[in-house]
Amino acid sequence: IAEKFSRTIENINRHFDKTFKAMFEGGEATVIMLSPEDPLETGVDIQVKLPGKNIEVLSLTSGGEKALIAASLIFAIFLQNPSPVCILDEVDASMDAANIEKFFKMIKKFSSEIQFIVITHNKKSMEFADTLYGVTMEQKGVSKILSVHFKNKKNNDDIL
Amino acid sequence: IAEKFSRTIENINRHFDKTFKAMFEGGEATVIMLSPEDPLETGVDIQVKLPGKNIEVLSLTSGGEKALIAASLIFAIFLQNPSPVCILDEVDASMDAANIEKFFKMIKKFSSEIQFIVITHNKKSMEFADTLYGVTMEQKGVSKILSVHFKNKKNNDDIL
Amino acid sequence: MKLRKITLKGFKTFPRKTEIEYKEGINIIIGPNGSGKSNIVDAVKWALGEKSIKSLRGGNMDDVIFKGNDQGMLPSNFASVSMIFDNQDRKLRLDVDEVEIERAFSKDKASKFMINKKRAKLKEIVSLFADTGITSNSYAIIEQGKINNLLLSSSQEKRVIFEEAA
Amino acid sequence: MKLRKITLKGFKTFPRKTEIEYKEGINIIIGPNGSGKSNIVDAVKWALGEKSIKSLRGGNMDDVIFKGNDQGMLPSNFASVSMIFDNQDRKLRLDVDEVEIERAFSKDKASKFMINKKRAKLKEIVSLFADTGITSNSYAIIEQGKINNLLLSSSQEKRVIFEEAA
Ligand SMILES: Nc1ncnc2c1ncn2[C@@H]1O[C@H](COP(=O)(O)OP(=O)(O)OP(=O)(O)O)[C@@H](O)[C@H]1O
Ligand SMILES: Nc1ncnc2c1ncn2[C@@H]1O[C@H](COP(=O)(O)OP(=O)(O)OP(=O)(O)O)[C@@H](O)[C@H]1O
Ligand SMILES: [Mg+2]
Ligand SMILES: [Mg+2]
């Protein structure tokens, strides 16, 4: 079991460096066991170096950077052991346009294997939908699911 | 002093109902002393009723609703005692397009008396700038203030 | 394993029976502030057995039942959420192609759980989903405003997440 | 009272002297993720005497000094931030039209404070700004991700905010 955990951490470590580099177009990322001699009890932490910058004090990273680092880590865990469904509620709120593009492109890669349910206010994000759902309150205080669009990718502009 | 505090709460209470109604186009909002018989020690809380809905359990409100309620409260305090400078870092992150419009229109009303410094990623928000500053990292890890536009309101589109 | 449909009735801002069918790939939900998008996420967590009302943004469990509006619509008497999963890959350890779980709650009563229309205990629901990665507190469900918690969590909390992935 | 200019040198991602002149009305700052926008807000709080490095997103006070980049640019030896305020309305109780405050910090030393180029104590800066509404923890400075804290705060914490407005 200790063996299994160490191996899992090693794998996720490799995956994380890969997803991080894809997300940030450079830099490095690692998952480390704080007490590698004690796999059964050790805490685990992550360490990242953003492109152009030195090793990060994680707390100093910006709002958008934190969201992307966390997303890279979750995708790394998915490479190890994909969850069938992934629900994301406005995780793109702090991302700039360029990063939204990278983030959703990575979601797209995983979407053949993982079912995504994503909530967003962002017009760029919406373009990545295979299916679009509108929620409104026609009647006061009552939610209504307005429509389900099965989007034909070529007709994006018609719908939006 | 107890007198002064009670009067301040009464005033902010009136202001809050005004700013809230302007922000939400309806509903009601109050600031209440939990122990009105003890103005020197009492805690203070707020209570809101959103248009169409019943009195809110504040925690149940949505991300965007919380931001707008908080903004209304801060503007109410400004009506009582304006701060010369107000700094807002991405407070519009959870707001939909219609609410960003209302939020910045209220900022505009206060901007003749209060100096605002606002950070945003949102294109709609940027349109309300009197002056626009761009921050970039031309050199790795080094911030550069790219430009200061003194925007002529009629030429919004040229700049953006 | 895929989520096919979620049905809400009396849950938060869904007083009337509302069915939402989800497809493969990327499903995107949009709508104005306060329209009910995050309430759908709460419904998923609740149906999966979420015990903490705080993580559903409530003060007490009654808060999940529709409270009425100011136009005379009456509060609901109960809340129910059901989810239907495609189980052809048998990720859920039941020998059926489709699995439906349901949770129903009335004021001042305990929640009732169902698996494929048969009464079940909360712990049965939890153990059924335990190895699927779909649990009420899964790292694969990221609530509004919570994405940074993963990074800010302690080294022991991170350990728990990696253990689940093992 | 208006903020005219902020000057950063060696502070976080501003190794070289950088001046930012602010105007009346609505000043909007835009830029990519991680480019340094929130660092400017940190600089304002820090210059106003912020004591808690945690509320500047740091682990220890050295974290405000530019740490260099991976292109060979060396870390800075110290960080300094100065702010110039228009004081024609005498909101700051000094009989001058312009007030400049400055904070400088070197590794392993205490911060140095200046008011109009004269050495000052932290408590002098704090008391100078105390009644203006511009303090490092003012409700008028809303950091990224923090707007909801106002609503979620306790009834006593809310009291403190209303007391300041009185
Ligand atoms: N039990 C309930 N009865 C009636 N209304 C409720 C109940 N619980 C929550 N609500 C309402 O649901 C609304 C919040 O819904 P939700 O959080 O889903 O919005 P949202 O679409 O995610 O918005 P945002 O884009 O701002 O995040 C609040 O206005 C709240 O009053
Ligand atoms: N002392 C320091 N030396 C060098 N770089 C630093 C220092 N402190 C913080 N940084 C860097 O500043 C960056 C964060 O800057 P900031 O929070 O201002 O970004 P931002 O423009 O607000 O981005 P966002 O739009 O994502 O909120 C991080 O990449 C961090 O590494
Ligand atoms: Mg929401
Ligand atoms: Mg920021």
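Below, chains carry the letters A, B, ... as their sequence lines are ordered, and counting in each starts from 1.
- Put simply, the side chain of D:Lys146 does not reach to within 4.5 Å of the side chain of B:Glu90, judged on heavy atoms.
- A donor-acceptor contact shorter than 3.5 Å links the side chain of B:Gln115 to the backbone of D:Lys23.
- Across every non-hydrogen atom of D:Ile26 and B:Lys108, the tightest pair is CD1-CA, 3.9 Å.
- If you take CD on D:Glu21 and CD1 on B:Ile145, they are separated by 12.0 Å, rounding to the nearest 0.5 Å.
- Screening B:Ile69, B:Val91, B:Asp92 against D:Ile147 for a side-chain contact (heavy atoms from CB on, under 4.5 Å) leaves a single residue, B:Val91.
- Contacts between residues 69-104 of chain D and chain B, defined by a heavy-atom separation under 4.5 Å, are made by D:Asn69, D:Gln71, D:Met73, D:Lys91.
- Looking at D:Ile29 and B:Ile117, their side chains come closer than 4.5 Å, going by heavy atoms from C-beta outward.
- Taking each heavy atom of D:Ile30 and B:Thr120 in turn, the nearest pair found is CG2-O, 3.6 Å.
- In terms of non-hydrogen atom pairs under 4.5 Å with chain B, the most contact-rich of D:Gly133, D:Ser35, D:Gly31 is D:Ser35.
- Heavy-atom minimum distance, D:Ile28 versus B:Phe128: CD1-C, 4.2 Å.
- Contacts between D:Val44 and chain B at a heavy-atom distance below 4.5 Å involve the side chain alone, from C-beta outward.
- Between B:Ser143 and the options D:Ile40, D:Thr13, D:Leu8, D:Thr18, a side-chain contact (heavy atoms from CB on, under 4.5 Å) holds for only D:Thr13.
- Looking at D:Glu164, only its backbone comes within 4.5 Å of chain B, counting heavy atoms on both sides.
- For D:Phe162 and B:Phe5, the ring centers are positioned 6.0 Å apart or more.
- To the nearest 0.5 angstrom, B:Phe116 atom CZ is 15.0 Å from D:Tyr22 atom OH.
- In this structure, the portion of D:Ile20 lying under 4.5 Å from any heavy atom of chain B is its side chain and not its backbone.
- For the atom pair NZ of D:Lys158 and OG1 of B:Thr42, the computed distance is 12.0 Å after rounding to the nearest 0.5 Å.
- In this structure, the separation between CG on B:Leu34 and OG on D:Ser155 is 5.0 Å, given to the nearest 0.5 Å.
- Interface residue D:Leu3: backbone and side-chain heavy atoms are both found under 4.5 Å from chain B.
- Atom-to-atom distance recorded for D:Asn27:CG and B:Tyr133:OH is 4.0 Å, nearest 0.5 angstrom.
- Between B:Asp130 and D:Glu24 the shortest side-chain heavy-atom distance does not fall below 4.5 Å.
- Of all residues spanning residues 81-89 of chain B, those with a heavy atom less than 4.5 Å away from chain D's heavy atoms are B:Asn81, B:Pro82, B:Ser83, B:Pro84, B:Val85, B:Cys86, B:Ile87, B:Leu88, B:Asp89, arranged by number.
- Of the inter-residue distances, the one linking B:Leu40 atom CG with D:Glu163 atom CD reads 9.0 Å to the nearest 0.5 angstrom.
- Of the possible polar contacts, none joining the D:Glu157 side chain to the B:Gly43 backbone as a donor-acceptor pair under 3.5 Å is found.
- Nearest heavy atom pair, residue D:Leu151 against residue B:Lys66, reads CD1-O, 3.5 Å.
- Side-chain contact between D:Lys37 and B:His121: present, with at least one pair of heavy atoms (C-beta onward) separated by less than 4.5 Å.
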